[in-house]
Structures are given as C-alpha cells and as structure tokens.
Amino acid sequence: MIIDTNVQPHFRYNAEIRRYLPPAHKLRSIPDVEQQWYQAPGGDYRADLYQEGYPGSDPEMVSRHLFDEAGASHAILNPLTRGNIADYLLNSRICAAVNDWLLDRWLEPDTSARFLGTIRVNPEDPRGAVAEIERLAPHPKFVQIGVPLQSREPFGKPMFEPIWEAAAAHGLPVAVHINGGNGVDYPPTFAGHAHTYPGYAAFMPLNYFVHLATLIVEGVFGRHPGLKFVFADGGYDILTPLMWRLDTFWLSMRDQTPWVDRYPSEYLPGHVRFCSSAFDGPVDPGQASRWMDFSDKGDLVMYGSSYPHWSATSAEATAAGLDSALREKVLWRNASELYGLAVTEGSTP
C-alpha cells in the first residue's frame, strides 16, 4: 500500500490561470509556469512527460502513472504558485485562482477521491490567508495548507501565527515547499546565490530548519498542540545534528524560553513530518534502517514521489533497505495517520 504525499500538478498552458482570476486581475502581468532562476541541466521535469500539455497537467495521465502503474491509493496534490510579484494582493488572488483550478480540474472530477488537495495561501497576506483557509477548509478533498519555503521572516514569528492558528483549528497540516512565489525569493544560502543548479538543489531545502527552529523556540507548537508542519523538500538527513545543536543550546539557556517546556527534539513526533527526497539518506540500502533510527525518523518521513520532476522517485527506491515495519510507516501509515486516510489493498513495490 502506498500514499504519495508530494505531487505537483501544473496548468496546461500559462494563460489557463486567467480563467480563475477575478475580472480586475485577468489582464495583470503574471509570470510563466517556468519561474525559477535555477533550471535543472536536463530540464525540471521528466523528459517523457513533455507531450501535448505541460508535464503533470493531464489528470488522466497522472492518474495512470500514480495509481495504475505506481500502485498509490491516494496522491496529495501540492501545486506551485506563479513567480515573484511585489503586489501581495495579486499574489493572494493567484493563490485563490490556483485553489479554484485545483478544485475544478482535479479534485471535483475525481469521483474516486484518490486525488486530495492543498489550499495554497500567501503568508505575506495573513488576513487574506486566513480568509482563504476559512473559504475552503470545509471541502473534504482539501487536506492541508500550502506555503512557500521562501519567506521574509521565519515562520515562528508572530505575524504568521493567525495562519497557523486557522490551520490547527481546522485540523489541517501546513506543507512547506520550495515555490518561488508569493513575492519572495531570497538566495538559497545565507551567504548569497549559488552559481549552479547543484548548489541550489543542495542548499535551498536546508532553509526548512530555520522555520522549524523558530516554530519551536518561539513557542508556536506549544500554543497550538494540534499544529503540524510537513516539510516537502526533504532535508531530513541533516535533522539529527541540527536538533542536537538546538537541544544543547536550549538546555544551557532555557531561562530565555520558559515556554519551551521540553527538549526541542521532543516536539518533532507531534508536530513535524517530512516528504521523502531522492537526495536524502544513505546510498547504501543496508544502512537505511539504522539511519532512520536517528531522531526516530521512521515516524516522521512519508513517501513523496515529487512527480513530475526529473528527480521523481519510486516507492520501491524510497523503501529500499527498510525493514517491514519502517517500510509500512514510510510508504503509507505515517501519511494515513496525518491526513486521516483509510487505505485499501493495492499494488506494492
């Protein structure tokens, strides 16, 4: 049994989004689907998916690849938004248009309820983000909130808390994904821009730890016991050493954060999940189970294919070397518990 927690559907063509924008925004300039500075050397997406439409833009083809061929019972769709725009109100309208498109083209036509969706919101507009959550959270096919990894401030800062409060109130996890949208695209490293795609791909996902550390240290998880974050771009291979450092500094200076009432690492099981990544973990499958024991990552990691990206991975590759209990957790059980999904017997790798 497999649940795929990280799938990025795309518009068929650049102008398709305009069908879902309010009249006042239909003529505004909006970036193309291809929006990143750093392009993968062979293209961002699997070469075999460039057909009549954009990769990942045909629900029937995606359904065949994920459900019929890969054996998934469900796929969590987390669409990207569209580029860097200074107008935060336009960014919020783009997020709403992406959500309406996801409903219209992917979720409501799927009578089998195997496609499940993400409510994209703009953290630069907390009031608008909360309104969008309130608008769509009652829909049964939306199972999480989506925000970009790029942000002007760490997500533990107070200006974002109304968004997390709304997510927790509706029982929806918050998925953080590299996006390049919502008007923010800082360099991938604290020391500036990498010159090449390998530098970008290696360093950009690591920014998740800044968000994670502040969510703990600023007390957000303590104030919202039901709040959960999903870091969708991997990076969990560096989780253990960074949490060791955070635990050490908290222990020696915990008088400055009295609201953090336990070791920071103890917040992980109740609040944090990661989608698997092709770049994380040991290359030797024989070390996989032992490596997952550090920081109890077996309870934190969920299989995500990253379809239709060039680095998309199969469930078989992700679970290679794991014992049966870990394999079950990573491939479907952790996701089933997080999203409240009942899975059925299907193909297994």
Side-chain angles (χ1 to χ4, degrees), residues 6-35 54 56-57 59 75-110 115-152 155 159-185 229-230 232 339:
N6 190 24
V7 175
Q8 279 79 56
H10 289 290
F11 289 96
R12 289 170 292 181
Y13 47 89
N14 286 319
E16 187 177 12
I17 191 174
R18 297 189 185 280
R19 292 170 48 192
Y20 301 91
L21 288 169
H25 296 88
K26 285 184 181 293
L27 299 180
R28 295 288 299 274
S29 177
I30 298 173
D32 291 347
V33 174
E34 296 280 2
Q35 58 184 309
Y54 206 73
S57 64
I76 312 300
L77 304 180
N78 189 4
L80 306 183
T81 52
R82 298 286 290 276
N84 296 295
I85 304 170
D87 186 343
Y88 75 93
L89 293 177
L90 177 56
N91 280 322
S92 295
R93 299 291 79 74
I94 289 173
C95 287
V98 168
N99 296 335
D100 289 338
W101 162 80
L102 192 66
L103 267 176
D104 181 50
R105 182 152 172 79
W106 293 83
L107 301 183
E108 292 186 339
D110 175 34
F115 284 131
L116 299 168
T118 302
I119 303 171
R120 293 307 309 244
V121 300
N122 177 12
E124 293 284 291
D125 177 19
R127 182 178 298 178
V130 170
E132 188 68 0
I133 293 171
E134 296 299 330
R135 179 174 79 96
L136 293 175
H139 197 290
K141 289 192 177 180
F142 281 116
V143 296
Q144 66 183 6
I145 311 300
V147 297
L149 179 67
Q150 300 91 324
S151 175
R152 298 183 199 279
F155 284 149
M159 69 279 290
F160 301 117
E161 192 156 356
I163 306 174
W164 318 145
E165 183 177 17
H170 287 283
L172 297 176
V174 178
V176 184
H177 197 292
I178 293 174
N179 188 88
N182 301 126
V184 178
D185 198 5
F229 267 69
V230 177
Y339 297 113

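Predicted model, so just to flag it, every value in this text is computed and none were measured.
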_Please check: side-chain N/O of Asn78 versus main-chain N/O of Gly146, any donor-acceptor pairing under 3.5 Å?_
no

*List the atom of Leu21, the atom of Arg93, and the distance in Å for their closest heavy-atom pair.*
CD2-O, 3.7 Å

*Determine whether His177 and Leu149 make a side-chain contact, defined as any pair of heavy atoms from C-beta on separated by less than 4.5 Å.*
no

*asked:* Using side-chain heavy atoms (C-beta onward) and a distance below 4.5 Å, is Ile30 in contact with His25?
replied: no

_Looking at Ala97, is its backbone amide N or carbonyl O close enough to the side chain of Arg19 to form a donor-acceptor pair, meaning the two atoms are under 3.5 Å apart?_
no

*Answer yes or no on whether Arg105 is positioned over the face of Tyr20, meaning its NZ or CZ is under 6.0 Å from the six-membered ring centre and within 45° of the axis.*
no

_Does any part of the side chain of Ile119, heavy atoms only, come nearer than 4.5 Å to the side chain of Arg135, both counted from C-beta?_
no

_Nearest non-hydrogen partners of Val121 and Pro148, listed with the distance_ = O-CD, 4.4 Å

*asked:* When you compare the side chain of Ile76 with that of Val230, does any pair of heavy atoms fall below 4.5 Å?
replied: no

_Donor-acceptor check, side chain of Asn179 to backbone of Leu80, threshold 3.5 angstrom: yes or no?_
no

*With the side chain counted from C-beta on, respond yes when Asn182 and Cys95 share a heavy-atom pair under 4.5 Å apart, and no when they do not.*
yes

*Provide the closest heavy-atom pair for Pro109 versus Trp106 in the form atom of the first, atom of the second, distance.*
CD-C, 3.8 Å

*Can you name the closest pair of heavy atoms from Leu103 and Leu136 and give their distance?*
CD1-CD2, 4.0 Å

*Can you tell me if Lys141 uses its side chain to pair, donor with acceptor, with the backbone of Gly117 under 3.5 Å?*
no

*Heavy-atom closest pair, residues Gly83 and Pro31*: CA-CG, 3.8 Å

*asked:* Under a 3.5 Å distance rule, please check whether Asp125 uses its side chain to pair with a backbone N or O of Tyr88 as donor and acceptor.
replied: no

*Do Asn91 and Glu124 have a side chain donor and acceptor closer than 3.5 Å?*
no

*Counting N and O atoms only, with roles assigned by atom type, does the side chain of Trp164 sit under 3.5 Å from a partner on the main chain of Val174, one being a donor and the other an acceptor?*
no

*For residues Ile17 and Trp101, determine if any side-chain heavy atom of one lies less than 4.5 Å from a side-chain heavy atom of the other.*
no

*For Ser57 and Pro59, which heavy atoms make the closest approach, and how far apart are they?*
O-CD, 3.4 Å

*Walk me through it: do Val147 and Phe160 pass the test side chain to side chain contact (heavy atoms under 4.5 Å, CB included)?*
CA-CA 11 Å; Val147 297; Phe160 301 117; over 6 Å; no

*Side chain of Arg120, backbone of Pro79: donor and acceptor closer than 3.5 Å?*
yes

_Run the side chain to side chain contact (heavy atoms under 4.5 Å, CB included) test on Thr81 and Asn122 for me, step by step, so that the C-alpha distance in whole Å, both residues' side-chain angles and the decisive distance to 0.1 Å come before the verdict._
CA-CA 9 Å; Thr81 52; Asn122 177 12; over 6 Å; no

*asked:* Contact between Tyr339 and Gln144 at the side-chain level, heavy atoms closer than 4.5 Å - yes or no?
replied: yes

*Does some side-chain heavy atom of Glu134 sit less than 4.5 Å from a side-chain heavy atom of His170?*
yes

*Any chance you could measure Asp87, atom CG, to Arg28, atom CZ, to the nearest 0.5 Å?*
4.5 Å

*Would you give the length of the straight line joining atom CZ of Phe11 to atom CG of Leu102, rounded to the nearest 0.5 angstrom?*
9.0 Å

*asked:* Using 0.5 Å steps for rounding, measure from the CG atom of Leu116 to the CG atom of Leu77.
replied: 7.5 Å

*Mind checking whether Phe142 and His139 have parallel, tilted or perpendicular rings, split at 30° and 60°?*
perpendicular

